[in-house]
> 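My questions will all concern the structure given below.
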Amino acid sequence: MTSATLFPNAPDVSATDYCVFGLATCFVRDGGEVSAVDVIEPIPSSALEALMKGIPTSYQWAYGKNLGDFFGTDEITIPGEFPSSAKLCENFAERAVAASRTYKRRPEAQALIPVGMKKEDFNYSTEKKRVLNAENMVSAEDNVKQHAYTHQVL
């Protein structure tokens, strides 16, 4: 497997490159209902270092993996360590390539979760829900009110 066929737009990234992939609990809004969904996401090194310090996170656990564990010759496959009901995040391939580059830049972060190892003791919390399909509705009330003399020369 060559990196040119695996990632044509990222020749510096190969199937043997390291990345951390986490299982996050996110939420989807359907009408008035909000339901939980498990999402597999690549975790960049800076985010992993923050998670190791105990900040609350929606990640249930994370695995240290090689990119080749997810990326086959023609399609993305989910390794058996992840639940079959889990979905891949949006722009999974692009985010995985970007995250793997962060571990190339900071190789010491690879020691936090070695290849093939699972880390489960994150500060897991869904108090702040990550809603995937939330729409940001901007209204006139969102505008910052300025003093009447703000743009006048006095």
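Note that the coordinates shown come from a computational prediction; the quantities given were computed from them, not determined experimentally. Reckoned from all heavy atoms, side chains included, excluding hydrogens, waters and symmetry mates.
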> Rounded to the nearest 0.5 Å, what separation is found between the CD atom of Gln110 and the OG atom of Ser100?
10.0 Å
> Looking at Ile55 and Asn123, what are the two nearest heavy atoms and their distance?
O-CB, 3.5 Å
> On the 0 to 90° scale, with breaks at 30° and 60°, tag the Tyr18-Tyr103 ring pair as parallel, tilted or perpendicular.
perpendicular
> Once you round to the nearest 0.5 Å, how far does CH2 of Trp61 lie from CG of Asp121?
14.0 Å
> Could you tell me which non-hydrogen atom of Ala62 sits nearest to which non-hydrogen atom of Val20, and how far apart they are?
CB-CG1, 3.7 Å
> Calculate, to the nearest 0.5 Å, the distance between atoms OG and NZ belonging to Ser45 and Lys104 respectively.
13.0 Å
> Decide yes or no on side chain to side chain contact (heavy atoms under 4.5 Å, CB included) for Leu88 and Phe21, but give the supporting numbers first.
CA-CA 10 Å; Leu88 297 174; Phe21 295 91; over 6 Å; no
> Is there side-chain contact between Arg101 and Val97, with at least one heavy-atom pair below 4.5 Å?
yes
> Grouping I, L, V, M, F, W and Y whenever their side-chain heavy atoms are under 4.5 Å apart, do Val37 and Phe82 come out in a common cluster?
no
> Between Ile78 and Ala86, what is the shortest heavy-atom contact and its length?
CD1-O, 3.8 Å
> Step by step, would you call Leu51 with Lys119 a side chain to side chain contact (heavy atoms under 4.5 Å, CB included)?
CA-CA 11 Å; Leu51 293 175; Lys119 176 135 177 82; over 6 Å; no
> Taking C-beta and beyond as the side chain, do Glu81 and Asp69 meet within less than 4.5 Å on heavy atoms?
no
> Would a 4.5 Å heavy-atom cut-off, applied to side chains only, mark Lys128 and Pro56 as touching?
no
> Under 4.5 Å between side-chain heavy atoms, counting indirect links through other Ile/Leu/Val/Met/Phe/Trp/Tyr residues: same cluster for Val115 and Leu112 or not?
yes
> Determine whether the side chains of Arg130 and Ser58 contain a donor N or O and an acceptor N or O closer than 3.5 Å.
yes
> Return the OH to OG1 distance between Tyr124 and Thr25, rounded to the nearest 0.5 Å.
2.5 Å
> Are Leu23 and Ile43 linked, directly or through other ILVMFWY residues, by side chains that come within less than 4.5 angstrom of each other?
no
> Please evaluate residues Asp17 and Asn66 with respect to the criterion side chain to side chain contact (heavy atoms under 4.5 Å, CB included), reporting the C-alpha separation (whole Å), side-chain torsions for both, the decisive distance (0.1 Å), and the verdict.
CA-CA 5 Å; Asp17 286 338; Asn66 289 325; over 6 Å; no
> Ile113 vs Met52, test: side chain to side chain contact (heavy atoms under 4.5 Å, CB included). Steps then yes/no.
CA-CA 10 Å; Ile113 306 176; Met52 295 301 215; 4.0 Å; yes
> Could you measure the distance from the CD1 atom of Ile40 to the CD1 atom of Ile76? Nearest 0.5 Å is fine.
10.5 Å
> Would you say that more than 12 heavy atoms from the other residues, nucleotides or ligands in this model lie under 6.0 Å from the CD of Glu108, or not?
yes
> Can you tell me how far apart CZ (Arg105) and OG (Ser46) are? Round to the nearest 0.5 Å.
11.0 Å
> Which heavy atom in Phe71 sits nearest to a heavy atom in Phe92, and how many Å separate them?
CZ-CE2, 3.7 Å
> Of all heavy-atom pairs between Arg95 and Pro42, which one has the smallest distance, and what is that distance?
C-CG, 3.7 Å
> For Glu120, does the CD atom have more than 12 heavy-atom neighbours from other residues, nucleotides or ligands under 6.0 Å away?
yes
> For the ring pair Phe70 and Tyr63, is the centre-to-centre distance below 6.0 Å?
no
> Got a sec: does the NZ of Lys87 have more than 12 other heavy atoms crowding it under 6.0 Å?
no
